[in-house]
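Proteins get letters first, then strands, A, B, ... in listed order; numbering begins at 1 in each. Predicted model only: the values in this text are computed from it and were never measured.
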Amino acid sequence: MFYLQLLLNGIIAGAIYALFAVGLTMTYGIFRFINFAHGELIAWGAYGVLLFQGWPFDLPMIWAVPLALALTMAIGLAADRLVYSPLRHGEGITLLIASIGLSFLLRNALQFFFGSDLLSYDVGLMQALEFGEITISEVQLIMAACALVFLGGLYLLLTKTLLGKGLRAVADNLELAGIMGLPMQTISRTVWCLASLFAGVGGILLAWDTNLDPMMGTGNLIKAFAAVLLGGAGNVWGALLGGLFIGVAENLSVAFIDPGYKDFIAFSVIVLMLLFKPHGLFAMARGVR
Amino acid sequence: MLRVLNANKSFGGIKAVNRFSMDLKDSLITGLVGPNGSGKTTLFHLITGFYEPDSGEVYFDDQPIHGLPAHKISQKGLVRNFQHSRVLPFLTVRDNLLASCPHQLGEKILPVFFLPSKIRAQEAKNSQKADEVLNMLKLDHLADQPAGRLSYGQQKLLELGRVLMADPRLILLDEPTAGVNPSLTRQIVELIRELTQKGVRFFMVEHNMPLVAELCPRLLVMDAGELIFDGSPKEAMKDPKVVEAYLGKDPGAARGR
Amino acid sequence: MDYLLHIIILALIYTTLAMSLNLQLGYTGLYNFGQVAFFGVGAYTTALITLAGYPVWFGVIMAMTMAGLTGFLIAYPALRLSGDFFGIATLAFGEMARLWFLNERWLTKGPMGLPGIPRPQWIGDGVDSLPWFLLFSLVLTLLAFWWLKHLTSSPFGRALKVVREDEYVARALGKSAVSFKVRAVVAGSTLAGLAGALWAHYITYISPNDFTLQTTILILLCVVLGGKGTIWGPVAGAFLVIFFQELLRFLPIPSEFNRYLAATQGMVFGLVLIILMLKRPQGIIPEHRN
Amino acid sequence: ADAVEVGAITPLSGKISVYGEGFQRAMMLAVQEVNEAGGIKGKPMEIRFEDNASTAQGSVSAMQKHITIHKLPVVFGPAASSNFLAVCPIAQKNKTVIIGAESAAATITDCGSYVFRVFPSDLLQGKGVAQLAESLGYKEVVLTYINNDWGVGLGEVFKKTFTAKGGKILDEFAHDEGKADYRSEILRLKRARAKAVVNLTYIKEGATMLKQAYEQKLKVQWLMGSASKSPKLAQLAGKAAEGVIGTYPAVAHGTEKYKAYKTAWDKKYPGKKLPIFGGYNYDMVKLTAKALNMAPDFKADSIREALMKASKGYIGVTGDKSFDKNGDVGATYGRWTVKGGKITTY
Amino acid sequence: MLLEINNLKAGYGNITILHGVNLEVNPGEIVCLIGPNGAGKSTVLRTVAGQLTPSQGEIIFEGQNVSKESPEKKGVKGLIFIPQGENIFPNLSLLENLEIAAFALKGNDTYQNRLNQVLGSFPWMKDRLNRPAKELSGGQRQALALSRIILLKPKLVLLDEPSLGLAPLVVEDIFSQIQAMNQQGISFLMVEQNARKGLSVSHRAYVLEQGKDRLTGTGAELLCDQRVQDLYLGG
Ligand SMILES: Nc1ncnc2c1ncn2[C@@H]1O[C@H](COP(=O)(O)OP(=O)(O)OP(=O)(O)O)[C@@H](O)[C@H]1O
Ligand SMILES: Nc1ncnc2c1ncn2[C@@H]1O[C@H](COP(=O)(O)OP(=O)(O)OP(=O)(O)O)[C@@H](O)[C@H]1O
Ligand SMILES: CC(C)C[C@H](N)C(=O)O
Ligand SMILES: [Mg+2]
Ligand SMILES: [Mg+2]
């Protein structure tokens, strides 16, 4: 039972990594850089709710949440317009540094407006649902469900809609996509909109489960990104599987060694997986051309 | 010189190279043709160590080279170009050439510090050679440009130049004149002839049939990964299998691979 | 005065770090995001050795050796990975190193850190003061600079760039990509070890907190903002980043707005990064001028 | 204009910035009061804040700036012990007085003659927690601590004292800083089946752990340390924090000083709860002001002497601040608990 | 006049490559552009397509100045570009490649009809519609890229070295496809290094050298011109 519960905790933790990975895998798949500002979009989503709940809006939660998501998307769009689009044809590392700059800007803006104190949503506590000796909390369930729903949605979007196929074409060959007359603006905006939306949702759920501080988004980012890579860039189900892998490994490790080494385990799993599968879990070997 | 014994390579279900055997013996220039997708490039990859054959053997000067890493094979004097040219885009055109010289003392850490004069001498010699090659390929005015800025054909030429710098004994050329202007192509032909005088051997893939007919005393033809013909270009033009698979007597018939 | 000396010493330490990363990232195209691990290994090695009573010069040499050795050990497996995969694996490795320093308390005292690391003594008493330490770091940094300049402007440096641009071409030209990469990683980590030793003897107290992802990011900023793949780029970058960071302390923020101090500084820092990337994506000293 | 300046190095950004803002507010409150009462020899007192981004490097830079650019004789040192330890040698060497309001590591005691702190060493608190466990009759506990200088240092003292008196530690492990998910750690606590868990942790981590333990119906007596004694903890963890007992360097809430501090706080920062360690920061500033007023000049050496003298018998919000020869203060340990969502003495 | 280029100057960054190019394409023509490597042929096409912006000069398409318009807009007006070398999306399936090629049609009925036409012209595609395009051989890739012409029915196609790397059999095939499409009223501005072949299927041609148009004439004229023979056709 103990191990089963650990496994379950791991799966759900992994689902959360996957939830954060959804947005990352989109921007990474298409623009080939790690968006360091994703963590801040997560935090902005979470703080957005507080913003709209508080003065001068004083809105109830049901309104605050969609508005917060809209705010996050607006930030994503602005970032695309002002930073990412102008650099689209540059090297990945340039975009990476720009996103580090953006993350500084956004994180400190949060601190500027909200201070660095710990905040919370003040939603009541719940006891977990019990299934025999196994417990899961509602937040956990919702998080896992969200991860699945959003990953699924993204998968459908990418494979079934024309716009989604356009996205993948851009990911495949940016230059050619431009020549072929794809609406690059629209595509790039859609990507940032969706990535910010996913980040916002993740942030709100995370804040619900724990609390809010300006650094809240950055903590899980590396592991989420590792999940992206393990799954293969832009591979939606891969991101989920990658996330699960990391989550399960670190949570199971708690049973055997000092949890001070929990992250150590997570990272060594990442490294080991990569050593055995140097191009991620699903990548096909690319030949010389 | 170069011998391939029963080589096989498949990708998923596709047998890209299928029970392929050949022996170049000492023919100066050997041509290799075949329809698109018949496995020519894959064969080159197998010979030069970029792909490992599923099975089969490759001998260079009677030494087995299958399973050797690519750079070891290149060091033995078997050098290749790439069909889709791979210049080093951020290096200058000259550096592209200089980097190709084999056995550079200056590429080892210790000599860099202890034998600087020797290295300088070697560099000077290589530079001179590079200048000659640049002149010949009409790239001299671009010598200090990053290679990524060259046009398609210029990149193709630069890659040829790179191979020449490597002091090879056997050169594998994958479509060296595709995208190259016809008058320059003439010069390349002359160049190849000249080099054969100096004992360099060639094994080349080329779709330009008149050129192949002119240059190659011996021609191999591949289809669907298999060797279907080995002989002179003249005979090949008359061989029904070759005509049907590759040359085509009735142009216009749509054909896949 | 001491403050200026302090900033210069910091900038020199980061110069060494940036140069060590530049050899890998700029010249060889290896996105080593775990450079902080070698920095840490260097710092801990010399700290433990000198705290045990051995002289500083011995500590510094051992720091470089240990860091280089660690580099060698991880290079072989990690180099099977390419591009971003190498990046994430080394990033993970960097964090693993920090967690190791944090949890192996019997050796590193864990989060308590190692206080009281001695400054170099062999030149005499005055060495403890900042000007002397500045000289000490300057000499070592210059040595490192000279060494790298020589190395990168030689055919060796050119071969590294071949590997960076196209591994397949390198192999086709008879160069073992792996061997060049390993040498770049080992040389890079050795230098990072040197920087770590400088850091430990300068601050005289180290703890795992000094070796976080933040430091990695700072090193990365130095390299990219300065201009990767160039000799002077990392130097310019390190001085730019460190001086700019400290310059932010002089933003005129009235004391009524003390609460906004850090937030404002951070926002300005982020904004400047973005603007720099938009205006000078190749860094202050670009590898190629148009 | 012609103000008497003192430096402060505060974690206003980075890992422990959650604490920094409260520290800063408390210090500013104290300064305001000092100035309302006439300042320092007729001149206003002013604190020059520098952010250290919660890092050693930031702390050292800030320290160097204070010393070199502003030539400040007194600096209020950075919060986390690991940052404090990084700047101590600089203060000592440059003969600058440095005072800490919340740095608890035991090693700080030996830092030198210019180093003071108004906060007691871990050594004392570790023992305090052990006594707490013992006095509540727990012979067997599980020990977990936050994996940083404070947590580990405290954990070690606790373990030594507790086991020396015959206590048994069923399971012991560190937990990471700043995680969102401690459910598996809690499962491990659960497995040990102890009646009490000693959890030496910070506010954020503490609140998350309490919440997730509640969720998983872990019913134990939580014993905690000073770093989580904050209304914030009670607020964030809600019901889950109910009944937690902890130790803290005793601060008598009945004293005039304390009441005055609380009133002044509520007036200056309406709606903001008293921050953790706020009283220490407040005391630090007040005590320094007193010393500055006593010192013949604003040289570090005079101030150091004056601090020693001023502290003798000085009773602040947080009690007796008399420095011993190492610049440490003593403390008796009080106990706190959460009742009805509020922190009260136990 | 379908396309008219006047005194076109363009380049990369601040390097100017084209120093004043003039050329025109009449409706229903195949116009061939030949010249040595690096003359700027591809640069002309890239500029006309809208991938590069001209620093001077005009590009007039159907009487409208389109010099500064994006490829997207030009596509809508009936001007498309099929570049040299990598001109398909390797990780997308064949069908997806076709859908993307006809992005502007948004998958409506016209698209369905024209898709059937494509499959009629290249029957081998039917079996591989759901396979990734990277599995195709050189010739099949080129055919896939050309099917964009059938899908979009543009007025003018800019085509960069259609015969590159193709087996003789396939070269014949591709050129006859081009001629067939030309019969249906589509005009071509085409760069060819296989100059004999290129000239022989073109109505008119230009010789480009060092960023300037040096010679012009009908395909047959240029084929016979002694200077052209010596300089560009290799005797
Ligand atoms: N890395 C790979 N993965 C999957 N299939 C491949 C790979 N490389 C080649 N193939 C397939 O193997 C077959 C042979 O390809 P190859 O490139 O060797 O042909 P080729 O004779 O060089 O053709 P061309 O004249 O067009 O260059 C083709 O069907 C091709 O699709
Ligand atoms: N991206 C670029 N940046 C800078 N210069 C470039 C770039 N691309 C091409 N050039 C330069 O522009 C000139 C013309 O190139 P272009 O590609 O138009 O030639 P081309 O006539 O198509 O040659 P080819 O027949 O070899 O394809 C060349 O000298 C080349 O060096
Ligand atoms: C901010 C506080 C929680 C710091 C802690 N008391 C320490 O010594 O590290
Ligand atoms: Mg081929
Ligand atoms: Mg071209």
inquiry  = Here's one to test your reading of the geometry: is the NZ or CZ of C:Arg183 within 45 degrees of the ring axis of C:Phe180 and under 6.0 Å from its centre?
reply    = yes
key: Heavy-atom closest contact (B:Gly39 atom, B:Val17 atom, distance)   = O-CG2, 3.7 Å
inquiry  = Using a 4.5 angstrom heavy-atom cutoff, name the option from B:Gly49, B:Ser100, B:Pro116 with the most pairs to chain C.
reply    = B:Ser100
query = Does the cation-pi check pass for C:Lys161 over B:Phe90, that is, NZ or CZ under 6.0 Å from the six-membered ring centre and within 45° of its axis?
reply = no
key: Lys/Arg cation over aromatic B:Phe203: B:Arg201, 6.0 Å, 45° cone   = no
query = Which members of residues 13-26 of chain C, sorted by number, sit under 4.5 angstrom from chain B on a heavy-atom basis?
reply = none
task = Tell me, for B:Thr48 versus chain C, whether the close heavy atoms (under 4.5 Å) come from the side chain, the backbone, both or neither.
result = neither
remark   = Max heavy-atom pairs within cutoff under 4.5 Å with chain C, candidates B:Asp95, B:Val163, B:Val79, goes to B:Asp95
Part of B:Leu88 lying under 4.5 Å from any heavy atom of chain C = both
key: For chain C, the option from B:Leu98, B:Thr92, B:Ile119 that forms the most heavy-atom pairs under 4.5 Å   = B:Leu98
query = What is the ring orientation for C:Trp147 with B:Phe113, classed by angle as parallel under 30°, tilted 30 to 60°, or perpendicular over 60°?
reply = parallel
request  = Under 4.5 Å heavy-atom distance to chain C, tell me which part of B:Ile73 shows up: side chain, backbone, both or neither.
outcome  = neither
task = Under 4.5 Å heavy-atom distance to chain C, tell me which part of B:Glu123 shows up: side chain, backbone, both or neither.
result = side chain
query = Do you see a donor-acceptor pair shorter than 3.5 Å between the side chains of B:Tyr152 and B:Gln154?
reply = no
ask   = Between B:Glu107 and C:Lys175, is there a side-chain N and carboxylate O pair less than 4.0 Å apart?
value = yes
task = Flag the pair C:Glu165 and C:Arg158 as a salt bridge only when some basic side-chain nitrogen lies within less than 4.0 angstrom of an acidic carboxylate oxygen.
result = no
inquiry  = Would C:Glu167 and B:Arg86 count as a salt bridge (Lys or Arg N to Asp or Glu O under 4.0 Å) here? Give the steps.
reply    = CA-CA 10 Å; C:Glu167 242 177 80; B:Arg86 306 182 79 119; over 6 Å; no
ask   = Measuring heavy-atom distances to chain C, does B:Leu105 have an atom under 4.5 Å in its side chain, in its backbone, in both, or in neither?
value = neither
Geometric class of the B:Phe50/B:His45 ring pair [parallel <30°, tilted 30-60°, perpendicular >60°] = tilted
Side chain, backbone, both or neither of B:Pro102 within contact of chain C (heavy atoms, under 4.5 Å) = neither
